[in-house]
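Have a look at the structure below, then the notes.
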Amino acid sequence: MKAIIYTKYGPPDVVQLSDIEKPVPKDNEVLIKIHASTVNRTDCGFRSAEYFIVRFFAGLVYPKNKILGNEFAGQIEAVGKNVNTFKPGDKVFGYDDKKFGAHAAYKVMGAEDCITTIPANVTYEEAAPITEGAHYALCDIRAAKITKGQNILINGATGAIGSAAVQLVKNLGATVTAVCDTKNVDLVKSLGADKVIDYKKEDFTQLKESFDVVFDAVGKSSFGKCKPILKKGGIYM
Ligand SMILES: NC(=O)c1ccc[n+]([C@@H]2O[C@H](COP(=O)([O-])OP(=O)(O)OC[C@H]3O[C@@H](n4cnc5c(N)ncnc54)[C@H](OP(=O)(O)O)[C@@H]3O)[C@@H](O)[C@H]2O)c1
């Protein structure tokens, strides 16, 4: 099968188009024919290993996994003998930051891992890029134990993480105040935000309201500046 592989860390030209053997799913795995993937920050970080710490995960001297690509959407081609949650033909999407492998014609994935079916009204190209930002947003929302009825402020509400956070927090039944640029006010409203602050016109840290959680998804503020708008015992992320 065709795959984009890299065998050493470096600039973008270390990745090359190659022909390699098609993977075979183990008993608990599925084989996915990849229709869409992304080249995201994590791929670039694992490709360049610019930050040395990456090598503790990716391989100290050479990359362990030769194929990048952690976000994917595609169709199940085959399933292992113990898999009964998916069947050939299912349209699926998911996220794999352990083994990567989505920059290839086919990828195997544990059926219990981060993979599920695509809603009928969503295309492969729309599904693949949803996964990483939403994964980080959900981890943070769970860590802060955000619940129904809380008052939450999200800064960077139009980013990959922030736009997912707005929708997930709203879905939990909390009240969302989202902060973004003027041009994105309507977009953020359409994601379900109860109130939108345009940071070009207003400094959210000067609001008179107080919040259970201030989730700064882009790290443009600080705990010190946000403390006055946090409730007693409130969380700054
Ligand atoms: N996405 C991931 O999976 C991932 C993984 C690891 C780390 N990170 C880190 O997490 C942070 C957020 O990532 P992301 O992927 O969500 O970012 P992103 O998709 O690049 O979006 C960043 C957002 O920040 C907003 N922004 C820029 N300046 C701002 C300001 N002064 N105040 C408020 N908002 C501002 C922009 O929205 P406006 O146009 O509305 O200003 C933009 O939509 C980044 O630091 C990134 O490096 C992300």
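What you see is a predicted model, and the numbers here were worked out from it, not measured in a lab. Counting convention: from 1, in listed order, for ligands and their atoms alike.
- Under the side-chain hydrogen bond (donor to acceptor under 3.5 Å, both in side chains) test applied with N70, the options D43, D96, D97 reduce to a single match, D43.
- Distance alone, capped at 3.5 Å, is enough to place a donor-acceptor pair between the E71 side chain and the E132 backbone.
- For atom 11 (C) of ligand 1, the closest non-hydrogen atom of the protein is A217 O, 3.1 Å.
- In this comparison of T38, I161, N40, the heavy atom closest to atom 9 (C) of ligand 1 sits on I161.
- Of the possible polar contacts, none joining the N65 side chain to the F100 backbone as a donor-acceptor pair under 3.5 Å is found.
- Scanning all protein heavy atoms for the shortest distance to atom 2 (C) of ligand 1 gives E132 OE1, 3.6 Å.
- Classification of the Y95-Y136 ring pair by plane angle, with boundaries at 30° and 60°, yields perpendicular.
- Surrounding CD1 of I53 are at most 12 heavy atoms belonging to other residues, nucleotides or ligands under 6.0 Å away.
- For atom 28 (N) of ligand 1, the closest non-hydrogen atom on the protein side is K220 CE, 3.5 Å.
- Smallest separation of non-hydrogen atoms from A128 and T38: C-CG2, 4.4 Å.
- Of the protein's heavy atoms, A160 N, 2.9 Å lies nearest to atom 19 (O) of ligand 1.
- The NZ atom of K231 sits 8.5 Å away from atom CD of E209, with the distance rounded to the nearest 0.5 Å.
- Scanning the protein for heavy atoms near atom 22 (C) of ligand 1, the closest one is V218 CG1, 3.5 Å.
- For atom 21 (O) of ligand 1, the closest non-hydrogen atom on the protein side is G159 CA, 3.1 Å.
- Here the closest heavy-atom approach between residue A144 and residue I235 is recorded as O-CD1, 3.7 Å.
- In terms of polar-atom proximity, Y199 is counted as a contact of ligand 1, with an N or O under 3.5 Å from an N or O of the ligand.
- The shortest non-hydrogen separation linking I197 to F204 is CG2-CB, 4.3 Å.
- Among T158, T42, N70, the residue whose heavy atom lies closest to atom 38 (P) of ligand 1 is T158.
- In S163, neither the side chain nor the backbone holds a heavy atom less than 4.0 Å from any atom of ligand 1.
- Close approach of ligand 1 to K183 is summarised as follows: ligand atoms under 4.0 Å from at least one heavy atom of the residue are 39 (O).
- Ranking the protein heavy atoms by distance from atom 33 (C) of ligand 1 puts N155 OD1, 3.2 Å first.
- Looking at ligand 1, you won't find any N or O of C180 less than 3.5 Å from one of its N or O atoms.
- If you look at R41 next to ligand 1, the close heavy atoms, those under 4.0 Å, all belong to the side chain.
- Using a 4.0 angstrom heavy-atom cutoff, G219 does not count as in contact with ligand 1.
- Contact record, A174 with I152: CB-CG1, 3.8 Å, taken as the closest heavy-atom pair.
- Of all protein heavy atoms, the one lying nearest to atom 5 (C) of ligand 1 is Y136 CE1, 3.4 Å.
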